[in-house]
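See structure below.
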Amino acid sequence: MISIAIFASGSGSNAQKIMEYFQSHATIQVKLVLSNKTDAFVLNRAASFGVPTYTFNRQVFYESNTVLQKLQDEQIDYIVLAGFLWLVPLSLIQAYPNKIVNIHPALLPAYGGKGMYGMRVHEAIVANHEPATGITIHLVNEEYDKGKILFQTQCSVETMDTPDTVAEKIHILEHMHYPRIIQEWIEEAV
Ligand code: GRF
């Protein structure tokens, strides 16, 4: 089996879709869900799938090898970021070269980089009267939002859209595509 670990900070609706998708997959399994928040709802979602969870604080994440050690102990092959809000330390990126994937709720390189995450992205899209937005699924390397793009797709932004309605449209796209793109990416790599 090829094992995935999902990192998420919040609700985890993407993590949920990914766990559903791979639940009965022949060769790929979600083996661990990690979070920087002990009360993140993603942990409940993981429990309902019987997927073990692991939480860590800032000091553990940035000043020790504990998380990397945990991933290695669990023989994790690929890392999936799904609404994970902390920057991944270089030591993890180097231990998993081209094996970390992220989803960004905009069409990178637009609306990426420092401070551009979650609702802030959708607020900026609406404030700037963008006619369209979308999702980007990309590899994570040393340059964060600049890793190789695996997939992008877009949706329109109408004048009556609000940051909340844009977020809903984006979630629909994410849920529709992220699990399949993860599968294709892993299958191409093996
Ligand atoms: C998603 O829109 C993702 O692109 C962004 O954070 C959101 C996470 O949503 N980085 P969820 O926790 O998967 O519901």
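Just follow the structure's listing: the first ligand is 1, and inside any ligand the first atom is 1. For this chain, numbers begin at 1 and follow the sequence in order. In what follows, every heavy atom counts, from backbone to side chain, and hydrogens, waters and symmetry copies are set aside.
Remark: side-chain polar atoms of Thr55 are not paired, donor with acceptor, to backbone N or O of Lys37 under 3.5 angstrom.
Taking 4.5 Å as the limit, every side-chain heavy atom of Val33 sits out of range of all side-chain heavy atoms of Phe7.
Contact residues of ligand 1 (protein heavy atom closer than 4.0 angstrom to a ligand atom; sorted by chain and number): Ser11, Gly12, Ser13, Asn14, Gly83, Ile103, Pro105, His171, Glu174.
With Phe151 as the aromatic partner, Arg180 meets the cation-pi criteria of under 6.0 angstrom to the ring centre and within 45 degrees of the ring axis.
Considering CD of Gln29 and CD1 of Ile4, their distance stands at 9.0 Å, rounded to 0.5 Å.
Contacts classified as ring-ring contact (aromatic ring centres under 6.0 Å, His included) and involving residues 27-60 (residues at least two apart or in different chains) are given here: Phe56-Phe61.
The minimum heavy-atom distance between Thr66 and Ser64, with the atom names listed, is OG1-OG, 2.7 Å.
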